[in-house]
Amino acid sequence: MDFLETPEARIQRQAAYYAKMFPFGKEHEDLIKKIVTHSFSRLKATDILYHYFIVKEYLVDDKADQIKSYYNKARPKLTQEMQDKLMVIILMDINATDIQTLETYFNNIKR
């Protein structure tokens, strides 16, 4: 982030990040929030979504080697089981070809 960036540059940077995280748009964002908060109902939604975004960005940016280090420093701590569950959700998200595929994944998680 550049402290001297113009408002237009900031908007472009934010739009690019949003497109990277939610390639299927607002419906994708809403579904991911629903999946993650449903799957981790004991945690605050903002906490688990923060973990989700950080780990997904590492994977999308081909920096998977940094995930373990992130979890060692992250707060609140996630158990290994929670980390694994979050990773499965993120990988399903990344590998989904469309929003319907993601919805199918979610329906399978709920069972």
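Scope of the values below: all heavy atoms of this structure, side chains included, with no hydrogens, waters or symmetry mates.
Under the ring pair (Phe, Tyr, Trp, His ring centres under 6.0 Å) criterion, the residue pairs touching residues 61-84 are His51-Tyr70, with sequence neighbours excluded. Among residues at least two apart or in separate chains, there is no ring pair (Phe, Tyr, Trp, His ring centres under 6.0 Å) pair with a member in residues 83-104.
Note that the CD atom of Gln12 and the OG1 atom of Thr6 stand 7.5 Å from one another [nearest 0.5 Å]. Considering CG of Leu49 and CD1 of Ile54, their distance stands at 11.5 Å, rounded to 0.5 Å. The OH atom of Tyr105 sits 10.5 Å away from the CD1 atom of Ile35 when rounded to the nearest 0.5 Å. The distance from atom OG1 of Thr104 to atom CG of Asp98, rounded to the nearest 0.5 Å, is 8.0 Å. Here Tyr58 contributes atom OH and Gln66 contributes atom CD; the two are 5.0 Å apart, rounded to the nearest 0.5 Å. Rounding to the nearest 0.5 angstrom, the gap separating the OH atom in Tyr52 from the OG atom in Ser39 is 10.5 Å.
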Let me have the donor-acceptor pairs involving side chains of residues 19-30, under 3.5 Å, with sequence neighbours excluded, atom names and distances please.
from: Lys20; atom 1: NZ; to: Glu57; atom 2: OE2; distance (Å): 3.2
from: Lys20; atom 1: NZ; to: Asp61; atom 2: OD1; distance (Å): 3.1
from: Lys20; atom 1: NZ; to: Asp61; atom 2: OD2; distance (Å): 3.2
from: Lys26; atom 1: NZ; to: Asp30; atom 2: OD1; distance (Å): 3.0
from: His28; atom 1: ND1; to: Phe24; atom 2: N; distance (Å): 3.3
from: His28; atom 1: NE2; to: Asp93; atom 2: OD1; distance (Å): 2.6
from: Glu29; atom 1: OE1; to: Tyr18; atom 2: OH; distance (Å): 2.7
from: Glu29; atom 1: OE2; to: Lys33; atom 2: NZ; distance (Å): 3.0

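For Gln14, the CD atom sits in a packed shell: over 12 heavy atoms of surrounding residues, nucleotides or ligands are nearer than 6.0 Å. Other residues, nucleotides and ligands place more than 12 heavy atoms under 6.0 Å from the NZ atom of Lys77.
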Review point. After noting the C-alpha distance and the side-chain angles of Phe40 and Leu86, does the key distance pass the side chain to side chain contact (heavy atoms under 4.5 Å, CB included) rule?
Key: CA-CA 9 Å; Phe40 296 91; Leu86 186 62; 3.9 Å; yes

Practice item. Could you give me the CA-CA distance, side-chain angles and deciding distance for Met87 and Ile67, then say whether side chain to side chain contact (heavy atoms under 4.5 Å, CB included) is met? Key: CA-CA 10 Å; Met87 183 63 76; Ile67 294 172; 3.8 Å; yes

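Within the 4.5 Å cutoff, the side chain of Asn95 has no heavy atoms near those of the Thr101 side chain. The closest side-chain heavy-atom distance from Met92 to Phe106 is not below 4.5 Å.
Tracing side-chain contacts under 4.5 Å through hydrophobic residues (I, L, V, M, F, W, Y), one never reaches Tyr17 starting from Ile11; they form parts of separate clusters.
Between Asn72 and Ser69, the side chains place no donor N or O within less than 3.5 Å of an acceptor N or O (distance only, hydrogens not considered). In this model, a donor atom of one side chain and an acceptor atom of the other lie less than 3.5 Å apart for Asp84 and Gln80.
Asp47 places no side-chain N or O within donor-acceptor distance of the main-chain N or O of Leu43, the cut-off being under 3.5 Å.
A pairwise comparison of heavy atoms in Ala96 and Leu102 identifies CB-CD1, 4.0 Å as the closest pair.
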